[in-house]
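Just so we're clear, the structure is a prediction, and the values are computed from it rather than from any experiment. Ligands are counted one by one from 1 in listed order, and the atoms in each one are counted from 1 as well.
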Amino acid sequence: MHIKYVNIEEKIAKRLDDLFGVKDCLIEVNPGQVILPPKYKDLGERIMNMEVRTDDVWLVSYPRTGSTWAQEMVWCICNDLDFAKAKSMIGQSRTPLLELTALMGNDTSKLKDQLGNSVEQVENMPSPRFIKTHLPSQLLPEQLNAVKPKIVYVTRNPKDMCVSYYHYCKLVHGLHGSFDEFCELFIQGKTPIGPIWSHILGFWQQRDEPNVLFLKYEDMKKDLKGAIRQVAAFLEKELTEEQVSALEDHLSFNSMRKNPALNLEPLLAMMEKPQAADENSDQKFIRKGKVGDWKNYMSEELSAKFDSFTDENLKGTDLTFETS
Ligand code: A3P
């Protein structure tokens, strides 16, 4: 299949440029009306035609669903709970984000040079590879369907996802503008990565495939030990109860927030981070870790609009989300 790149309709493109403070910052990638930086043109076909290995472990998710959390769980389970390495080697080296180079399109800092090309990094990794991506299924390597490596798909109730994404865009991409403005574009499928429902439902439909595990953030919050056991069983690894407890500690919110290999602080310090409109020293990549934070951001009206957006898209599926 060939990828088609088109300009985003003018009015929305202008709003996005204003919000992110960068001219022509995003384009539409098809199939799927996926919203990505123009730099993705250099990677798109290469990703789609990439070689997939049977012993790869893929972690696919929409941004801000707890993917770093789930990815850390996967990596530790498959690497004999090597916590020392997990703390000393940054996530991008252990579990690279496949499309990172496209997302850092405008960054000219030394970080970009140091990280190199993310697709090349994945291509050159020794097996078993742990690969993370926020791309929807239609832009992923075609070989995934034939080779069937293990794929963990993580998702989260979209109201919290949207709030978390807003903060992330402020922190990392210097987003200007209000939460309401961001949320409006999110509902329209015009924030980076684009429409959420085709992303989520694309994997929900595959949830019964033996090589796919569909995880929800809220379930990890409710019972982290249970999630660890479930992921270990899926990865065909055995853990003792002592190991499950040790991993639970490593994956706790406070421990992950303190872990410089995961909290992006060393990377953010190196980036030419655009100045956010209202600097808030509380802002962190690993930020709050709560279910229901949307209540602090959404008016009744916006919440009702979001609920209709969710109901319309989940009609006829048996997928549900807990929002508090
Ligand atoms: P919040 O912004 O709501 O706090 P991703 O890694 O996909 O970008 O997802 C980031 C979200 O996962 C953030 O949500 C972050 O705080 C949360 N998160 C990361 N590690 C966590 C943990 N150990 N426990 C709970 N939430 C965690």
Give me the nearest non-hydrogen protein atom to [atom] as residue plus atom name, then the distance to 0.1 Å.
atom: atom 16 (O) of ligand 1; result: Arg287 N, 3.0 Å
atom: atom 9 (O) of ligand 1; result: Gly66 N, 3.0 Å
atom: atom 25 (C) of ligand 1; result: Tyr217 OH, 3.4 Å
atom: atom 19 (C) of ligand 1; result: Ile286 CG2, 3.9 Å
atom: atom 6 (O) of ligand 1; result: Thr68 OG1, 2.5 Å

With the side chain counted from C-beta on, respond yes when [X] and [Y] share a heavy-atom pair under 4.5 Å apart, and no when they do not.
X: Cys183; Y: Tyr297; result: no
X: Asp82; Y: Met89; result: no
X: Phe214; Y: Leu319; result: yes

Ligand 1 contact on [X] by region, counting heavy-atom pairs under 4.0 Å:
X: Tyr168; answer: neither
X: Ser255; answer: neither
X: Arg156; answer: side chain

Answer yes or no: does an N/O atom from [X] fall short of 3.5 Å to an N/O atom of ligand 1?
X: Met256; result: no
X: Arg64; result: yes
X: Leu251; result: yes
X: Phe285; result: no
X: Lys132; result: no
X: Ser67; result: yes
X: Tyr62; result: no
X: His134; result: no

Would you please determine whether [X] falls within less than 4.0 Å of ligand 1 on a heavy-atom basis?
X: Ser61; result: no
X: Asp160; result: no
X: Thr65; result: yes

Basic-acidic side-chain contact under 4.0 Å: [X], [Y]:
X: Lys290; Y: Asp160; answer: no
X: Lys216; Y: Asp219; answer: no
X: Arg15; Y: Glu181; answer: no

### Task
Provide the number and element of each atom of ligand 1 under 4.0 Å from a heavy atom of Ser252.
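Once the distances to Ser252 are compared, the set is 23 (N).
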### Query
Can you list the ligand 1 atoms lying under 4.0 Å from a non-hydrogen atom of Ser164?
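This gives 1 (P), 2 (O), 3 (O), 13 (C), 14 (O) as the contact atoms.
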### salt bridge (charged side-chain N to carboxylate O under 4.0 Å, His left out) contacts touching residues 311-324 (sequence neighbours left out)
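Non-adjacent pairs meeting salt bridge (charged side-chain N to carboxylate O under 4.0 Å, His left out): Arg207-Asp318, Lys222-Glu322.
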### By ring-ring contact (aromatic ring centres under 6.0 Å, His included) - contacts of His199 (at least two apart)
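Result, ring-ring contact (aromatic ring centres under 6.0 Å, His included) vs His199: Tyr62, Tyr153.
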#### Entry: Distance-only donor-acceptor check, side chains Lys132 and Thr68, under 3.5 Å
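Yes, Thr68 and Lys132 have a side-chain donor paired with an acceptor closer than 3.5 Å.
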### Message
Assess the residue pair Cys76 and Glu72 against the criterion (side-chain contact (heavy atoms from CB on, under 4.5 Å)); give the C-alpha distance rounded to whole Å, side-chain angles, the decisive distance to 0.1 Å, and a yes or no.
### Response
CA-CA 6 Å; Cys76 287; Glu72 186 66 0; 3.9 Å; yes
